[in-house]
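In listed order, ligands and their atoms are each counted from 1.
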Amino acid sequence: MKRDLLRILDLSAREIHSVIAAGSAWKRRGGRRGAPRPLAGKTLAMIFQKASTRTRVSFEVGMTRLGGHALFMSPEDTQIGRGEPIRDTARVLSRYADAIMIRTFAHATAVELAQSSTVPVINGLTDDHHPCQVLADLMTARERGMDLRKMRVAFIGDGNNVANSWVEAAHVLGFALRVACPEGYEPDAAIRKEAGKTGRGDVRIVRSPAEAARRADVLYTDVWTSMGQEAEKRKRLAAFRGYCVDAALLRLAAPNAIVMHCLPAHRGEEITEEVIEGPQSAVFDEAENRLPVQMAVLERLIRH
Ligand code: CP
Ligand code: NVA
């Protein structure tokens, strides 16, 4: 049966550790000539209904390095933008491509695509989840010597798609996660409940960034206004005042703590210039790790 990666809960703890190990192996190989090409002749169709730099380029380069090919599809240039149903698109693409990646708004769209396609579907970000990002983040934490079963992660800011994927990761892997957010901006309640059924993580929502940051191994933040929420920008700027990851907050964390951000960042809003450019920032390693970790995902999901 085909496997999809729509959310972190689609993977077991063992699979996450194994994807990270495989990602590290791909990273060590780099783009070397003579490296294995397990996906020679395979094609990944990539549907982007939102903007992207990292996801688009890392998937495309990843497929090239694996010996395959990736093709970019935007709504403007395809029949998707003219209203062709997603289930029809899924059935047609399944007859050409070996896997589909989708970045879209409603998570239900990615689910419908996966249900109607006969090839694996990978979520490249929806309003509710960003699993590939968090796999790259976990790989980065591992590289920096963190124990993924025991680390303490503080997510400061909006309980958005990235935060939801962190909630799932905490429950699957068993680490401690504190999400500090204003009232009304918590990670999705249904996702928290569903992920909590695995019963392994220690996930708590707090209001105080300082409380979350104290002794944390990872301080994580993301934009306050995600793609699709532009109309709420002003309201959000006011709601998140006091939730900036700055040097004072970082001083409360563990001495070797790292700072993460999925990017793109808004310096001076959710993170200061000093922190994002400082010695504890791992943000460009996270971005780099999107490539090898997704190569590991592609290799695992696409049938040889
Ligand atoms: N972090 C991330 O997914 O970046 P892009 O929006 O540039 O793909
Ligand atoms: N939460 C952000 C992540 C961007 C990679 C968004 O959805 O816009």
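- The contact set between ligand 1 and Leu263, taken as ligand atoms under 4.0 Å from a residue heavy atom, comprises 1 (N), 2 (C), 4 (O).
- At the top of the distance list for atom 7 (O) of ligand 2, counting protein heavy atoms only, stands Asn161 ND2, 2.8 Å.
- In terms of protein heavy-atom proximity, atom 2 (C) of ligand 1 is closest to Arg290 NH1, 3.4 Å.
- Taking only nitrogen or oxygen atoms, main chain and side chain alike, His130 does not reach within less than 3.5 Å of ligand 2.
- Heavy-atom contacts from other residues, nucleotides or ligands closer than 6.0 Å to CZ of Arg207 number more than 12.
- Considering both main-chain and side-chain atoms, Cys262 comes within under 3.5 Å of ligand 1 through a nitrogen or oxygen pair.
- Under 3.5 Å, the side chains of Glu168 and Asn164 contain no donor-acceptor pair of N or O atoms.
- There is a side-chain donor-acceptor pair under 3.5 Å between Glu299 and Trp26.
- Counting atoms of ligand 1 from 1 in the listed order, those under 4.0 Å from a heavy atom of Thr53 are 5 (P), 7 (O), 8 (O).
- Among the atoms of Arg103, none of the N or O lies under 3.5 angstrom from an N or O of ligand 2.
- Without hydrogens or angle criteria, Ser116 side chain to Glu112 main chain gives a donor-acceptor distance under 3.5 Å.
- Protein heavy atom closest to atom 4 (O) of ligand 1, with residue, atom name and distance, is Arg54 NE, 2.8 Å.
- In terms of polar-atom proximity, Pro264 is not counted as a contact of ligand 1, lacking any N or O under 3.5 Å from an N or O of the ligand.
- One N or O on the side chain of Glu230 and one on the backbone of Gly228 form a donor-acceptor pair closer than 3.5 Å.
- Checking only distances, Lys50 never comes within under 3.5 Å of ligand 2, N or O to N or O.
- Nearest protein neighbour of atom 8 (O) of ligand 2, counting heavy atoms only, is Met227 N, 2.8 Å.
- Residue-to-ligand polar distances keep Arg56 apart from ligand 1: every N/O pair is separated by 3.5 Å or more.
- Distances from ligand 1 to the non-hydrogen atoms of His130 include at least one value under 4.0 Å.
- Between the side chain of Arg214 and the main chain of Ala253, no donor-acceptor pair closer than 3.5 Å is present.
- Contact annotation: for Leu263 versus ligand 2, heavy atoms closer than 4.0 Å belong to the backbone alone.
- With a 4.0 Å cut-off on non-hydrogen atoms, Leu125 touches ligand 2 through its side chain and not its backbone.
- Salt bridge Glu277/Arg267: present, at least one basic N to carboxylate O contact under 4.0 Å.
- Which parts of ligand 2 touch Asn160 is read off a 4.0 Å heavy-atom cut-off, strictly below it: atoms 1 (N).
- Between the side chain of Arg103 and the backbone N or O of Gly124, at least one donor-acceptor pair lies under 3.5 Å.
- No donor-acceptor contact under 3.5 angstrom links the side chains of Glu270 and Thr221, judged on distance only.
- Counting only distance, with no hydrogens or angles, the side chain of Asp88 and the backbone of Glu84 share no donor-acceptor pair below 3.5 Å.
- Closest to atom 3 (C) of ligand 2, if we only count protein heavy atoms, is Asp222 OD2, 3.6 Å.
- At a heavy-atom distance under 4.0 Å, no atom of Leu125 approaches ligand 1.
- With hydrogens left out, the protein atom closest to atom 6 (O) of ligand 1 is Arg103 NH1, 2.8 Å, a heavy atom.
- Between the side chains of Ser18 and Arg300, at least one donor N or O sits under 3.5 Å from an acceptor N or O.
- Under the 3.5 Å distance criterion, the side-chain polar atoms of Lys2 are matched with a main-chain donor or acceptor of Val119.
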